[in-house]
Amino acid sequence: MIDEKRYTLITGASAGIGKAIARECAKRGHNLILVSLPATGQQEVGAQLNRQYNIDVKTVELNLVLPHAVHELFDWCCRQNLKIDVLINNAGIGNYSAFATTDAADYLNIIRLNSEVVVLVTNLFLPKLREHAESYIMNVGSFVSFLPIPYKSVYSATKSFVLTFSKALHSELDQYGVHVSCLCPGPTSTETVKKRNRLLLRQNSDMLTLSPEEVAKTAIDGLFNRKRVIIPGWKNKFILAIVPLIPFRLRSHILKAIFKNGFEKEEEAPANTRAEERASP
Ligand SMILES: NC(=O)c1ccc[n+]([C@@H]2O[C@H](COP(=O)([O-])OP(=O)(O)OC[C@H]3O[C@@H](n4cnc5c(N)ncnc54)[C@H](OP(=O)(O)O)[C@@H]3O)[C@@H](O)[C@H]2O)c1
């Protein structure tokens, strides 16, 4: 039987912001297709949302950076004739490392997931989105989409890419009823971030930090209000409004001081802690 239900496709939905977005969409009655790495508890997340909100949840376990993975996902959705009217490109990884001493392979992996996969998923799924009079794409950038960050150089560059790509698509796809938003969260207390802070004996006292649930609610409200760029939290908005007023050299100097200090603290931490940081946003 052909499944005529509509689905929201979310990448990286087993944890953090993606998981909170999945719950926010479930609350609003969306059926879900959740995609993340194998064996990370996503099926349990899906089963719980299904029970709690009486929606249909399909889970796909895939490493999106592998060759053909995105095509496999697309083919799988086509074989099941799933109708998709919301696409959320959330999966992403970060770095906190000195460029001079880091293997390029680490960076290429980040570029692949944060930028190439976003373009590929969007391009492949666009015809499916266009089957509907109105459809929505949300790409997850970051606060750092607006700022070149020392020691997070590649991560911040990929997130700038996501922001520019999304803004351009917002204008280009509007004529087809496809609305594109870029979500740019500041620091968010995901489990990965909290665990790292605990290991580093660092308090989660960042004044700018929001919970994944707060970010998800603002994100989904913004998406359906067709906002081009969504920045959760008034403090984050305020900072990004005043940053351009600071002369570039001074801004670079301040950012370097902040992030060099953070990087040096990370380097002093036990090796297993550093490995986790490299894998987190
Ligand atoms: N947390 C923050 O402070 C923050 C701030 C600004 C922007 N962001 C952005 O928000 C997004 C989500 O971040 P988060 O903090 O929620 O991260 P997270 O808690 O580490 O979750 C990342 C999600 O992406 C999935 N994922 C990672 N690599 C993947 C791959 N190769 N293939 C498929 N799925 C993969 C993970 O799946 P597994 O669970 O299976 O590993 C997980 O579901 C990212 O794009 C990040 O850059 C985060």
Side-chain angles (χ1 to χ4, degrees), residues 9-24 32-46 59-70 72-73 88-96 106 108-118 120-121 138-147 149 152 154-163 165-166 181-197 202 204 206-216 218-219 229-233 236 239-240 262 275-281:
L9 171 60
I10 307 173
T11 66
S14 62
I17 295 171
K19 183 176 168 185
I21 287 177
R23 177 165 291 278
E24 188 61 39
L32 300 172
I33 304 168
L34 308 179
V35 186
S36 64
L37 291 169
T40 49
Q42 185 181 240
Q43 284 178 355
E44 292 86 88
V45 172
T59 54
V60 185
E61 298 192 335
L62 268 181
N63 183 348
L64 288 166
V65 298
L66 293 179
H68 313 301
V70 176
E72 277 174 36
L73 171 66
I88 299 177
N89 283 304
N90 163 75
I93 47 173
N95 74 290
Y96 205 169
D106 291 356
L108 297 184
N109 203 41
I110 295 172
I111 294 169
R112 171 93 183 130
L113 184 64
N114 294 8
S115 302
E116 286 182 36
V117 165
V118 173
L120 188 53
V121 171
M138 184 164 69
N139 296 326
V140 180
S142 168
F143 191 78
V144 307
S145 296
F146 301 91
L147 303 164
I149 304 287
K152 287 182 180 272
V154 171
Y155 177 66
S156 55
T158 61
K159 292 298 178 181
S160 295
F161 175 93
V162 170
L163 178 62
F165 171 62
S166 306
S181 296
C182 187
L183 171 66
C184 296
T188 307
S189 56
T190 57
E191 281 308 313
T192 319
V193 169
K194 282 199 284 192
K195 192 169 167 194
R196 187 187 72 224
N197 284 346
R202 198 192 276 164
N204 206 15
D206 189 332
M207 276 169 45
L208 303 177
T209 301
L210 297 179
S211 70
E213 292 72 27
E214 288 172 301
V215 170
T218 308
V229 178
I230 304 162
I231 302 166
N236 291 321
I239 290 175
L240 289 175
E276 286 189 28
E277 164 63 26
R278 288 199 183 99
S280 73

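Atoms within a ligand are numbered from 1 in the order they appear, just like the ligands themselves.
Of the possible donor and acceptor atoms, one in the side chain of S160 sits under 3.5 Å from a partner among the backbone N and O of S145. Side-chain atoms of N95 come within 3.5 Å of backbone N or O of Y155 as a donor-acceptor pair.
The distance from atom CG of L108 to atom CG of L113, rounded to the nearest 0.5 Å, is 13.0 Å. With rounding to the nearest 0.5 angstrom, the CD1 atom of I111 is 8.0 Å from the CD atom of E116. If you take CG on N90 and CD1 on I17, they are separated by 6.5 Å, rounding to the nearest 0.5 Å. Atom OG in S156 sits 12.5 Å away from atom CG in L163 (nearest 0.5 Å). Considering CG of L32 and CD1 of I21, their distance stands at 11.5 Å, rounded to 0.5 Å.
The contact set between ligand 1 and G16, taken as ligand atoms under 4.0 Å from a residue heavy atom, comprises 16 (O), 19 (O). Residue L64 has at least one heavy-atom neighbour below 4.0 Å for each of these atoms of ligand 1: 30 (C), 31 (N), 32 (N), 33 (C). Which parts of ligand 1 touch P187 is read off a 4.0 Å heavy-atom cut-off, strictly below it: atoms 3 (O). Atoms of ligand 1 lying under 4.0 Å from at least one heavy atom of A13, given by number and element, are 43 (O). Residue-ligand proximity, L62 to ligand 1, at heavy-atom distances under 4.0 Å covers atoms 32 (N), 33 (C). Near T40, meaning under 4.0 Å from any of its heavy atoms, are these atoms of ligand 1: 38 (P), 39 (O), 40 (O). Close approach of ligand 1 to S14 (heavy-atom distance below 4.0 Å) involves ligand atoms 37 (O), 38 (P), 39 (O), 40 (O), 42 (C), 43 (O). Every atom of ligand 1 is numbered from 1 in the order shown, and the set under 4.0 Å from a heavy atom of S142 is 6 (C), 7 (C).
Using 4.0 Å as the threshold, K159 has a heavy atom nearer than that to some atom of ligand 1. The shell of residues lying under 4.0 angstrom from ligand 1, judged by heavy atoms, excludes T11. Not a single heavy atom of G94 sits under 4.0 Å from any atom of ligand 1. Heavy atoms of G141 approach ligand 1 to within less than 4.0 angstrom. For the pair V117 and ligand 1, no heavy-atom separation below 4.0 Å is found. Using a 4.0 Å cutoff on heavy atoms, G186 counts as a contact of ligand 1.
Judged as a side chain to side chain donor-acceptor pair (under 3.5 Å), and not counting sequence neighbours, the contacts of S166 are N139. Here R23 pairs with nothing under the salt bridge (Lys or Arg N to Asp or Glu O under 4.0 Å) rule; sequence neighbours left out.
Checking Q42 against S36 by side-chain atom types alone, a donor-acceptor pair falls below 3.5 Å.
Residues P185 and L210 form no side-chain contact, since every pair of their non-hydrogen atoms from C-beta on lies 4.5 Å or further apart. Within the 4.5 Å cutoff, side-chain heavy atoms of V162 are placed close to those of C182. Proximity of N89 to F165: side-chain heavy atoms (C-beta onward) are nowhere separated by under 4.5 Å.
Close N/O approach between G12 and ligand 1 is found [any backbone or side-chain N/O within under 3.5 Å]. For ligand 1, the polar-atom distance check against G18 finds no nitrogen or oxygen pair separated by under 3.5 Å. On a distance-only criterion, I93 and ligand 1 share no N/O pair closer than 3.5 Å. Between L37 and ligand 1, a contact under 3.5 Å exists for at least one N or O pair.
In the candidate list I17, L34, I110, I17 is nearest to atom 48 (C) of ligand 1, counting heavy atoms.
Of the heavy atoms in Q42, none comes closer than 4.0 Å to ligand 1. Contacts with ligand 1 closer than 4.0 Å are made by side-chain heavy atoms of T190 only, the backbone lying farther away. The proximity of F143 to ligand 1, defined as any non-hydrogen pair under 4.0 Å, does not occur for either the backbone or the side chain. Contacts with ligand 1 closer than 4.0 Å are made by no heavy atom of A69, backbone or side chain.
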